[in-house]
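This report refers to the structure that appears directly beneath it.
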Amino acid sequence: MLEESQVPGASPWRTWGIRVKRIRRRIQGATLVALAQGALWALSRMRLETALRFGEILGAIGYFLLRHERRLALRHLELAFGTELGTRAREQIARACFVNSARLLCELAQVEEIRRRQAELFTLDGEENLRAILARGTGCIAVTGHIGNWELLAAFFAWRGIRVSAVARRIYVVGLNEMIVSWRRRQGVETILRESPDSARRILAVLKENGILAMVVDQDTHVPSISVPFFGRLARTPVAAAALAIRRNLPIVPVFIQRTGPIGWKVIVRPPLDPVREQDRKHAIRELTSRLNASIEQQIRANPAEWPWWHRRWRRQPIPKLDLDAPLEYVRPKVS
C-alpha cells in the first residue's frame, strides 16, 4: 500500500508537509526518550529516600502546572464519588494522585535498591491464594489496574522465581517502548506485545510453565470491549482477560499493590475468580468482566490516591454488546 506521499499526482506541498510532520514526530520521540533516560540516570544516583522525596516535590509541582490533567482528575473524582467526597477531599486526592505518578518514575529508577531491600520493603497479603493457584499447575491470568506501581507488582513475583509475562500494547515511540521492555526484562518480566505475530505461542508457553499472565484492564482502549459498571457508570472494559480465562478454563486472579508509607509496599493477591461455564459465552464474558471491574473499583476506593484520575475512563458512550470490531472468538492472541 502506498503512503500518501507516494501517491502519483500528490501535491509537492502536501508531500513536503507529510515529510516535515514525520521528521517532527521523530525529533519529539527522540527528545522524549533522551529526557526519560536522563531523568532515570539522575534519579538512580540518589539515595532511595532522597529520590522518593524528590518525586513528591515533582508531583506537587505537576499538579499545579498540568492544568488540563488536573481538571480532568477533579471532574472524574466528582463523577465517581458524587456527594461522597467534598471539594477539598477531591482536591487532596487529585494532588496525591500526581505525587503517586511522580514517585512511580523515581521507583523505577531505584529498582535495584528496592530489589536489594525487598524483604524489608514488601509484605504479601494473600500468599495462601497464590500458593493454591500455583498448585493447580495450569498457570493463571493476573488482572490488575494502573494502581500504585503496577510495574513493581510484576517484578515482585518475578523476583520470587515465578514466570511472569505482561501482555501489553506497543508504545509507538520506539525508543520509549524499548526502554520499558528492557526494564521489565532486567527484573525477570517478559513483555508480550499484543501486536506481535508470535504472541499466541508465547502466551501458551507461559501457561504451560505454570506462569502468571499479567493483564491491565482498567482503561478504555481500542480493543474488543464491553460496557460494565465502574463506579456506578457503564465503562468500556477490555474483554481479552475474561475471554481467555473462559476459553481455557483458567483461574483469573485480581492482584494489586499499594504503598504502606513513605517507603514500602503491600502486594495483595485476592481469591481467584473462576469462570462460570455457561452455554452463552457472551453472558459469561460479561459476568466475569463485571466481577473484575468490581474488584478493581474496590481497590481504588480503598486507596483512591493511587489511580490516575485524569484518564478518561468514561470518554466514550457505553455499548450494550461486545465491540463489533472483532468477533467474539477474539482472545488476542488466540490459543487453542
Side-chain angles (χ1 to χ4, degrees), residues 66 68-82 90 93-94 97-98 100-101 104 141-151 153 166-173 176-177 180 191-195 199 213-246 252 254-256 273 282 285-301 303-328 330-333:
L66 301 175
H68 176 66
E69 288 75 12
R70 182 177 72 241
R71 284 196 295 267
L72 283 176
L74 292 170
R75 173 57 178 157
H76 294 158
L77 281 163
E78 184 178 13
L79 287 174
F81 290 97
R90 292 196 298 269
I93 292 171
C97 172
F98 279 77
N100 171 74
S101 295
L104 188 151
I141 302 170
V143 168
T144 190
H146 293 83
I147 305 170
N149 193 328
W150 63 94
E151 295 288 358
L153 176 62
V167 179
R169 68 178 179 86
R170 187 187 307 276
I171 297 175
Y172 290 100
V173 177
L176 196 57
N177 188 77
I180 295 173
T191 301
I192 301 177
L193 297 175
R194 292 197 304 242
E195 305 86 352
S199 55
L213 192 67
M215 294 185 176
V216 182
V217 301
D218 64 331
Q219 294 192 343
D220 181 358
T221 56
H222 293 284
V223 297
S225 303
I226 194 167
S227 293
V228 291
F230 186 68
F231 281 90
R233 296 173 179 270
L234 292 177
R236 295 195 190 199
T237 305
V239 299
L244 180 57
I246 290 168
I252 190 165
V255 182
F256 303 103
L273 305 176
K282 287 187 177 182
I285 289 173
R286 178 190 293 275
E287 190 270 345
L288 186 52
T289 305
S290 295
R291 291 162 69 195
L292 289 172
N293 252 15
S295 185
I296 291 171
E297 178 182 333
Q298 179 186 0
Q299 180 63 28
I300 294 173
R301 283 184 176 276
N303 196 359
E306 294 194 36
W307 193 70
W309 286 100
W310 54 78
H311 172 66
R312 293 183 296 169
R313 188 68 182 89
W314 303 276
R315 62 177 173 165
R316 294 190 291 170
Q317 289 297 315
I319 46 177
K321 300 179 180 179
L322 290 170
D323 272 347
L324 300 180
D325 58 347
L328 177 59
Y330 176 96
V331 181
R332 196 58 180 164

CG-CZ distance between Asp218 and Phe230, expressed to the nearest 0.5 angstrom: 6.5 Å
Atom pair CG/CG of Leu72 and Leu66 - distance to nearest 0.5 Å: 11.0 Å
Aromatic ring proximity, centroids under 6.0 angstrom, Trp309 and Phe231: yes
Closest contact, heavy atoms only, Pro238 versus Thr289: O-CG2, 4.0 Å
Partners passing ring pair (Phe, Tyr, Trp, His ring centres under 6.0 Å) against Phe256 (at least two apart in sequence or in another chain): none
Leu104 to Gly148 - nearest heavy-atom pair and separation: CD1-O, 3.5 Å
Gap between atom CD1 of Ile246 and atom CD1 of Ile285 - 0.5 Å precision: 5.0 Å
Beyond-backbone contact of Leu213 with Leu244, side-chain heavy atoms, under 4.5 angstrom: yes
Heavy-atom closest contact (Ile147 atom, Gln299 atom, distance): CD1-CG, 4.0 Å
Rounded distance (nearest 0.5 Å) linking atom CH2 of Trp307 with atom CD of Glu297: 10.0 Å
Distance-minimising heavy-atom pair for Trp150 and Gly145: CB-O, 3.7 Å
His146, Arg236, Arg312 screened by side-chain contact (heavy atoms from CB on, under 4.5 Å) with Gln219, the one that passes: His146
Point-to-point distance, once rounded to the nearest 0.5 Å, from CD of Gln298 to CG of Asn293: 12.5 Å
side-chain hydrogen bond (donor to acceptor under 3.5 Å, both in side chains) partners of Asn149, counting only residues at least two apart: Glu107
Heavy atoms from other residues, nucleotides or ligands near CZ of Arg233 exceed 12 (cutoff 6.0 Å): no
Close side-chain approach of Glu195 to Arg169, heavy-atom, < 4.5 Å: yes
From CA spacing to verdict: side chain to side chain contact (heavy atoms under 4.5 Å, CB included), Ile180, Thr191: CA-CA 9 Å; Ile180 295 173; Thr191 301; 5.9 Å; no
Considering all heavy atoms, the nearest Val239-Ser225 contact: CG1-C, 3.8 Å
Verdict with reasoning, Phe81 to Arg301, per side chain to side chain contact (heavy atoms under 4.5 Å, CB included): CA-CA 9 Å; Phe81 290 97; Arg301 283 184 176 276; 3.8 Å; yes
Candidate pair Arg313 and Thr237, rule side-chain hydrogen bond (donor to acceptor under 3.5 Å, both in side chains), full reasoning: CA-CA 9 Å; Arg313 188 68 182 89; Thr237 305; 2.9 Å; yes
Parallel, tilted or perpendicular, as decided by the 30° and 60° cut-offs, for the rings of His76 and Trp314: perpendicular
Approximate separation, where rounding is to 0.5 Å, of Met215 CE and Ile192 CD1: 8.5 Å
For the student: nearest non-hydrogen atoms of Ile252 and Ala242, plus distance: CD1-N, 4.2 Å
